[in-house]
Amino acid sequence: MDQETILKDLNPPQKEAVVTWQGPLLILAGAGSGKTRALTHRIAYLIAVQNIAPRQILAVTFTNRAAKEMRARVETLLDDHAKGIMLGTFHSCCLRILRRECHHIGFNNDFVIYDTDDQSRILKSVLQDLKINDRIVTPRIAQSRISRAKNKLIIPEKYLQSIKEPSFLDEQIVKVYKKYQEGLRANGAMDFDDLIVNAIELFDQFPEVAEHYQDRFRYVLVDEYQDTNHMQYKLIRQLTKKYQNICCVGDDDQSIYGWRGADIKNILNFESDYPEAKIIRLEQNYRSTSNILKAASAVVRVNRMRKVKELWTKNQDGSTISAFEAQTEREEADEIVSQIKKIMQFHPEVKLNDFAILYRTNAQSRSLENGFQLSRIPYTVVGGLRFYERKEIKDALAYLRLVTNTVEEMSLRRIINVPRRGIGSTTIERLSNFSKLNKCTMYQAMERCDEIATLSSGLKRKVINFVDMIERFQEKKKQVPMDDFAQHVLQETGYYAHLKSEYGPDREDRLENIQELLSALKTHEEEVIDPSLENFLADVTLVADVDQWDDDQDSVTLMTLHSAKGLEFKYVFITGLEEGLLPHFSSLEIPEQLEEERRLFYVGITRAQEKLFLTHALNRNRYGNESLPSTPSQFIKEIPEELIEELTRTTRRNKRRTKFSTVESSARKVDIDQYEQEVEAPEDNDSIVLKVGDQVRHPSWGVGEILTCKGKGDRQKVTVRFHNGMQKRLMVKFANLTKV
DNA sequence: GGCCCGGTGATTTTT
DNA sequence: TCACCGGGCC
Ligand SMILES: Nc1ncnc2c1ncn2[C@@H]1O[C@H](COP(=O)(O)OP(=O)(O)OP(=O)(O)O)[C@@H](O)[C@H]1O
């Protein structure tokens, strides 16, 4: 790859950004103006033209998704020459540094990373220990306060000073914060924020280590710089102090992480931080049609707290923006599905990958997923619950971790009684007390449970059995491959059987996930240079997904507006445009936050290349069944009327959920035969008695097995796993099931 | 002391 | 819908 090729597809300001390869550089520009392209080409230029070694380059992003996207783009340009670039999220880059260097700051290099769930577990026990009323200080509140403090690099000792008028709550929080940090230390654990805080502390306390990394990362690039919070900013400052080869890319209009402490000042003060800085602005948008861009600009222009910046495009007007008002969220989902089918029908070249469905909260994906499942359109949900956050995966990992590390208590507590072995909360408390009194770990307390007078002999037996089992595992681990070992552990602990016996709507999914974990272990063993269970466990927490196979599959993408940042799709649906959702309830009263919500909408709009759909429902299910009236978002009105065209319903469905009107159904069957069609479900139904394990027949889905039963009579709901693999929740009253 | 069941309250966004 | 808590039962 030569200079010409690298510069070929860039406009003059982009070119300038790429060839300005030394010194501080800020690319400040609106959405879709080619910032990321400039950044990736700059990396290619550094390596291919200036002969910089890939390992001297550090490129950071905020989300895994963005990192993945960036890596893909760089690899397209450089192929194998991209190997060795440290490219990742702030967290994953810090993790890699800390695994090597954490001994300086008193951590063992097998330190554990606690995710949000682990954090609240710790906090819960801290609150208990401190006898703090957990109604006043909930784990959630404590967690967010502590995180906010860490984001600003405020240690517990400085916490009160940092607040003008400390309230009673703040006084409680300090105590919790302090104890929480002690708890993490004792377990050899760090939370997400600590990864960055500790990297900074490492560099602060050990200038020679800092210098080593300054020398190593001679060229630093940061995408979405407007989203940096104070600690991330500090880290970047530390790393670039010596050489000042820093290139940041950002757009203040796309700042959507204020709640995580992101501070737009970081980007606005770039010039004073780096007086030599060159600033390049990009104003031509290449991504979207003119109509989409006009809509986006009109929306973001409403914000008062903003630097004025205009974008233009040579692209065509394109089609108008379609708006759709649905009665319910089901109808919203149906309409989206039918629009997608329609587009696919008229434009055979369009792929499912060209569609994105965006929403404000992860919970909104549910109704949309339902719609896609019914229509058999393949879809992928990005974000939400990550693979390694799933309960069964965390349980399995806890067993594996316990075998490799008996010091860390969370894993032990997590699985000590899963499946039930009669070691309940009272026994656990006694073990825990003993460990505190004798300054040993809880696992050691278990080994020494003979010394605990309050334990009955029956309980001692159970505890010893558990310890023996773990010891046998430690032996076994040395003898067999990792995946076999994991399988053995899950078998012997009874965890497998436990999962199998738990009939539930997602029993099969759980078992599948476990299989997935086993194959991930196998992959690790086969493909990593230095495979070990320890190494596998080391970065598992930061891995977002293991679904490599999904990448190649053509499917519609469902994700939050936050995760969509930096990405682009031909067709974008922004859903749930309702007051209280977008803008979200919690932002309605605070002007700054309302503006952030508006920027979020702006980010959503600007993801679209060709066509934008805006949908809202008049009734939305808040928690559970309750359907509450919902009014259209104020943001919709901010788009000039002439750009929007109101869609009339193309789906017409009876109020009752499983029923489709026959006319509709057959009409669509003619339209598209690519996907199977839903069939009308007769509504008359003798109430039949169903129980778990029964085989039933459904008029369109065929024969299946009942996995769960809920409710009685007319309100009875069942989950059925059909032989074709589909799993459905059905109201017996409407589903027209027959026993077979 | 442990377990199961039923009632209750809660929900933003990411690492 | 789901996780958590408290009461009653083994
Ligand atoms: N000089 C160019 N000529 C043609 N197309 C370009 C040019 N620069 C960028 N593009 C295209 O424009 C689109 C947007 O580019 P890119 O993702 O780099 O923008 P961005 O500024 O990072 O956007 P955002 O801030 O919204 O993430 C991409 O499809 C990219 O291929």
Side-chain angles (χ1 to χ4, degrees), chain A residues 60-67 88-95 113-121 124 134-135 138-140 143-144 147 150-151 190-197 224 227 229 231-232 255-262 358-364 366-367 370 382-386 388-389 391 417-430 454-456 458-459 462 504-506 539 541-544 559-565 576 580-588 593 596-597 599-601 603-604 620-626 708 710 717 719 729:
Chain A
V60 280
T61 63
F62 287 83
T63 61
N64 288 306
R65 194 91 205 154
T89 62
F90 271 96
H91 297 267
S92 67
C93 293
C94 285
L95 174 64
I113 303 167
Y114 280 176
D115 66 15
T116 320
D117 176 58
D118 303 324
Q119 278 184 59
S120 33
R121 280 165 189 260
K124 232 175 262 167
D134 62 3
R135 263 174 239 289
T138 63
R140 255 180 59 81
Q143 196 186 312
S144 83
S147 176
K150 286 185 180 178
N151 285 177
M190 299 186 194
D191 65 19
F192 285 133
D193 294 324
D194 283 343
L195 291 174
I196 292 161
V197 173
E224 312 283 10
D227 292 326
N229 58 32
M231 64 182 182
Q232 292 161 332
S255 163
I256 54 174
Y257 283 97
W259 51 274
R260 201 170 77 168
L358 309 180
Y359 38 80
R360 176 66 231 266
T361 67
N362 285 307
Q364 287 166 256
R366 188 162 257 135
S367 58
N370 270 330
V382 173
L385 200 54
R386 300 203 250 160
Y388 291 103
E389 279 169 2
K391 191 168 155 301
N417 204 28
V418 180
R420 307 262 178 236
R421 343 186 133 79
I423 307 177
S425 53
T426 319
T427 307
I428 295 173
E429 265 330 285
R430 288 186 176 156
T454 44
L455 283 187
S456 72
L459 280 168
K462 287 172 179 161
D506 31 40
D539 24 59
T541 314
L542 288 192
V543 178
M559 65 184 152
T560 63
L561 288 156
H562 281 90
S563 327
K565 192 157 66 152
L581 264 181
L582 185 68
H584 195 266
F585 287 117
S586 47
S587 325
L588 291 175
Q593 292 189 12
E596 182 156 315
E597 296 287 305
R599 289 194 293 271
L600 198 49
F601 185 41
V603 167
R620 186 157 300 265
N621 294 356
R622 308 269 340 135
Y623 29 61
N625 295 332
E626 228 176 340
T708 60
K710 247 194 200 153
K717 287 185 213 157
T719 314
R729 273 161 212 239

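All chains are named by letter (A, B, ...) in the order of the sequence lines, taking the proteins before the strands, and each is independently numbered beginning at 1. Here the structure is a predicted model, which means the values were calculated and not measured. Heavy-atom basis, side chains included; hydrogens, waters and symmetry copies ignored.
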Under 4.0 Å between any heavy atoms, over every strand shown, what does Asn417(A) touch: base, sugar-phosphate, or nothing? Just pick one.
sugar-phosphate
Pair Arg430(A), Thr427(A) - check side-chain contact (heavy atoms from CB on, under 4.5 Å), show working.
CA-CA 5 Å; Arg430(A) 288 186 176 156; Thr427(A) 307; 5.6 Å; no
Distances for protein N or O near nucleotides 4-6 of chain B N or O, under 3.5 Å:
| unit_1 | atom_1 | unit_2 | atom_2 | d |
| --- | --- | --- | --- | --- |
| dC4(B) | OP2 | Arg420(A) | NE | 3.3 |

Using the closest heavy atom to pick a nucleotide of DNA chain B for each, name whichever of Gln119(A) or Thr426(A) lands nearer the 5' end.
Thr426(A)
Could you give the [atom1]-to-[atom2] distance, from [X] to [N], as a whole number of Å?
X: Glu389(A); N: dA3(C); atom1: CD; atom2: C1'; answer: 16 Å
X: His91(A); N: dT15(B); atom1: NE2; atom2: C1'; answer: 4 Å
X: Lys391(A); N: dC4(C); atom1: NZ; atom2: C1'; answer: 14 Å
X: Ile423(A); N: dG2(B); atom1: CD1; atom2: C1'; answer: 11 Å
X: Asp227(A); N: dT15(B); atom1: CG; atom2: P; answer: 12 Å
X: Met190(A); N: dT15(B); atom1: CE; atom2: C1'; answer: 15 Å
X: Gln143(A); N: dT15(B); atom1: CD; atom2: P; answer: 15 Å

Using distance alone, with no hydrogens and no angle criterion, decide if [X] and [Y] have a side-chain donor and acceptor under 3.5 Å apart.
X: Asp115(A); Y: Thr541(A); answer: no
X: Gln119(A); Y: Thr116(A); answer: no
X: Ser586(A); Y: His584(A); answer: yes

N/O contacts under 3.5 Å, protein versus nucleotides 12-14 of chain B?
| unit_1 | atom_1 | unit_2 | atom_2 | d |
| --- | --- | --- | --- | --- |
| dT12(B) | O4' | His584(A) | NE2 | 3.3 |
| dT12(B) | O2 | Arg360(A) | NH1 | 2.9 |
| dT12(B) | O2 | Arg360(A) | NH2 | 2.2 |
| dT12(B) | N3 | Ser586(A) | OG | 3.3 |
| dT12(B) | O4 | Ser586(A) | OG | 3.2 |
| dT13(B) | OP1 | Asn362(A) | N | 2.7 |
| dT13(B) | OP1 | Asn362(A) | ND2 | 3.2 |
| dT13(B) | O4' | Arg360(A) | NH2 | 3.4 |
| dT13(B) | O2 | Trp259(A) | NE1 | 3.3 |
| dT13(B) | O2 | Arg360(A) | NH2 | 2.3 |
| dT14(B) | OP1 | Thr560(A) | OG1 | 3.0 |
| dT14(B) | OP1 | Ser563(A) | OG | 3.1 |
| dT14(B) | OP2 | Asn362(A) | ND2 | 3.2 |
| dT14(B) | O2 | Arg260(A) | NH1 | 3.0 |

For Ala564(A), side chain to side chain contact (heavy atoms under 4.5 Å, CB included) partners two or more places apart
Leu358(A), Met559(A), Arg607(A)
Under 3.5 Å, is there a donor-acceptor pair between the side chain of Asp227(A) and the main chain of Ala262(A)?
no
Measure from the side-chain N and O atoms of Arg65(A) to the backbone N and O of Ser563(A), and report whether any donor-acceptor pair falls under 3.5 Å.
no
Take Asp191(A) and Lys150(A), measure what side-chain contact (heavy atoms from CB on, under 4.5 Å) needs, and give me the verdict at the end.
CA-CA 11 Å; Asp191(A) 65 19; Lys150(A) 286 185 180 178; 2.6 Å; yes
Parallel, tilted or perpendicular: which fits the ring planes of Tyr257(A) and Phe62(A), with parallel below 30° and perpendicular above 60°?
parallel
